[in-house]
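Report on the following structure.
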Amino acid sequence: MTATTEDAANAAQDHDYTDLHAPVVDWFDAHARDLPWRRPEAGAWGVMVSEFMLQQTPVARVLPVYEQWLKRWPRPADLAAEPSGEAVRAWGRLGYPRRALRLHGAASAIAERHGGDVPKEHAQLLALPGVGEYTAAAVASFAYGQRHAVLDTNVRRVFARAVNGRQYPPNATTAAERKLARMLVPADDATAARWAAATMELGALVCTARTPVCGRCPIADRCAWQRAGAPEHEGPPRRTQTYAGTDRQVRGRLLAVLRESDAPVPQAVLDRVWHEPVQRARALDGLVADGLVEPLAGGEYRLPQSRG
DNA sequence: TAATCGTGGTG
DNA sequence: TCACCAAGATT
């Protein structure tokens with residue numbers, strides 16, 4: 001048993017953490033943001049679209065893209081009927097454009113295999129492209145009110161502090177964290193779904209990464225990290241991602257040109273986005289390999305036209 | 001398991 | 001200014 005597993009097991013044995021449910025859910029009732037994907041009219045498709053867009057991307061940047069996306073493609077079949085390149089174009093500058101491709105792929109699978117309705121089963125959700133453990137649980141919970149452990153970066157941080165007494169969770173999600181999250185899920189489905197949304201919201205608004213606002217936290221009085229005197233993070237530093245000069249930056253520039261052009265773009269135009277030819281070619285090849293760019297005869301390129 | 005994959009706001 | 005950070009998934 002690892003140290004972190006012991007943390008979780010000991011924490012669960014030493015205390016009854018069901019007393020966290022009421023204050024956190026009550027706080028959520030009073031302070032939850034009014035986000036469009038939380039409204040009833042969003043439906044399961046709206047929830048799924050928001051979850052794709054929110055992967056590693058702040059709410060503020062998602063909002064406008066989400067609105068135009070659902071207006072243009074109100075159902076999965078509407079998106080599936082268009083070329084995947086249109087999804088990449090509409091994705092705009094949200095980042096990680098492979099998510100757009102995968103959302104298009106998920107919509108196609110939903111249209112073909114699920115009669116156009118976002119599936120309810122966790123396993124069926126998990127089988128969709130771009131849907132991992134978190135997103136499957138989130139859609140099942142938020143869209144269908146099911147009981148799942150929903151473990152995102154916000155929840156991981158809340159649990160790391162409130163239960164394990166650490167400033168930050170480990171770099172990679174551990175089995176101990178999953179076990180703890182499962183143990184903390186309220187017994188009934190409706191409360192479990194609210195708990196999931198509430199713990200995420202608490203992490204997003206109060207128990208934030210940089211400067212937590214513990215004075216506004218509904219469980220500050222029983223937070224293990226607070227009780228321990230808010231100790232600084234120990235262990236390996238959280239890996240910081242460089243960007244300038246990487247292939248990702250080059251890919252971003254290339255794709256930005258292609259998004260802006262309705263017509264095929266000549267190689268010579270793409271060549272202007274980056275000075276170093278080897279890296280430039282590698283980035284373009286990568287985009288093609290990923291299905292984000294379609295090469296044409298005569299050295300021209302465009303966003304993909306596939307619908308499959 | 002660890003690296004890869006965008007983008008832009010911010011303390 | 002410049003690391004840090006933001007509702008992860010995939011290989």
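Every chain is numbered from 1 and lettered A, B, ... according to where its sequence line falls, protein lines coming before strand lines.
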Salt-bridge criterion met for [X] and [Y] (N-O under 4.0 Å):
X	Y	value
A:R227	A:D221	no
A:R72	A:E86	yes
A:R222	A:D19	yes
A:D262	A:R89	yes
A:R282	A:D285	no

Would you mind classifying the nucleic acid contact of [X] as base, sugar-phosphate or nothing, using non-hydrogen atoms under 4.0 angstrom?
X	result
A:R93	sugar-phosphate
A:W91	nothing
A:A138	nothing
A:L292	nothing
A:V62	nothing
A:T57	base
A:G132	sugar-phosphate
A:F142	nothing
A:F52	nothing
A:Q249	nothing
A:L255	nothing
A:T135	sugar-phosphate

Using atom [atom1] of [X] as one end and atom [atom2] of [N] as the other, report the distance to the nearest whole Å.
X	N	atom1	atom2	result
A:R99	C:dT11	CZ	C1'	18 Å
A:L54	C:dA9	CG	P	12 Å
A:R248	C:dT10	CZ	C1'	14 Å
A:R61	C:dC5	CZ	P	16 Å
A:E177	C:dG8	CD	C1'	14 Å
A:R156	C:dC5	CZ	C1'	14 Å
A:D152	C:dA7	CG	C1'	5 Å
A:M48	C:dA7	CE	C1'	14 Å

Heavy-atom contacts under 4.0 Å between residues 196-205 of chain A and DNA chain B, which residues?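 Result for residues 196-205 of chain A: none.
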
How far does the [atom1] atom of [N] sit from the matching atom of [M], given to the nearest Å?
N	M	atom1	answer
B:dT4	C:dA7	P	23 Å
C:dC4	B:dA3	P	16 Å
C:dT11	B:dG6	P	14 Å

Looking at side-chain heavy atoms only, is the closest gap between [X] and [Y] below 4.5 Å?
X	Y	value
A:Y134	A:L151	no
A:R216	A:L205	no
A:S84	A:H104	yes

For A:F159 and A:W195, take the angle between the two ring planes, folded into 0 to 90°, and tell me which bin it lands in: parallel under 30, tilted 30 to 60, perpendicular over 60.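 The arrangement is parallel - the two ring planes meet at less than 30°.
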
Phosphate-side-chain proximity, A:Q56 and C:dG8, N/O vs OP1/OP2 below 4.0 Å: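 Checking C:dG8 against A:Q56, a side-chain N or O does come within under 4.0 Å of OP1 or OP2.
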
Check whether any side-chain N or O of A:Y96 sits under 4.0 Å from OP1 or OP2 of C:dA7, and answer yes or no.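 Result: no.
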
Quick one: does any side-chain atom of A:R280 pair with a main-chain N or O of A:D271 as donor and acceptor, under 3.5 Å?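 Yes, the answer is positive, given that a donor and an acceptor are paired below the 3.5 Å cut-off.
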
Starting at the 5' end of DNA chain C, which residue's closest nucleotide do you reach first, A:N154 or A:R102?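 Residue closer to the 5' terminus by nearest nucleotide: A:N154.
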
Hey, which of these two, A:P129 or A:T208, hits DNA chain C nearer its 5' end, going by closest nucleotide?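 Its nearest nucleotide lies further toward 5', so the answer is A:T208.
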
Polar contact flag, side-chain donor to acceptor under 3.5 angstrom, A:T57-A:R99: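 Yes, a side-chain donor-acceptor pair sits under 3.5 Å.
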
Verify whether one side chain among A:W274 and A:Q279 offers a donor that lies under 3.5 Å from an acceptor in the other.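 A pair is found: one side chain offers a donor N or O, the other an acceptor, under 3.5 Å apart.
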
What is the first contacted nucleotide of DNA chain B and what is the last, in 5' to 3' order, if contact means an atom lying under 4.0 angstrom from a heavy atom of chain A?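 Taking any atom under 4.0 Å from a heavy atom of chain A, the span is B:dA3 to B:dG11.
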
Going by modelled atom types, is there a donor-acceptor pair between the base of C:dC5 and the side chain of A:R210 at under 3.5 Å?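 Such a pair does not exist between side chain and base.
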
Using heavy atoms to find the nearest nucleotide of DNA chain B for A:T173 and A:G252 separately, return the residue whose nucleotide is more 5′.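 Nearest-nucleotide comparison on DNA chain B picks A:T173.
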
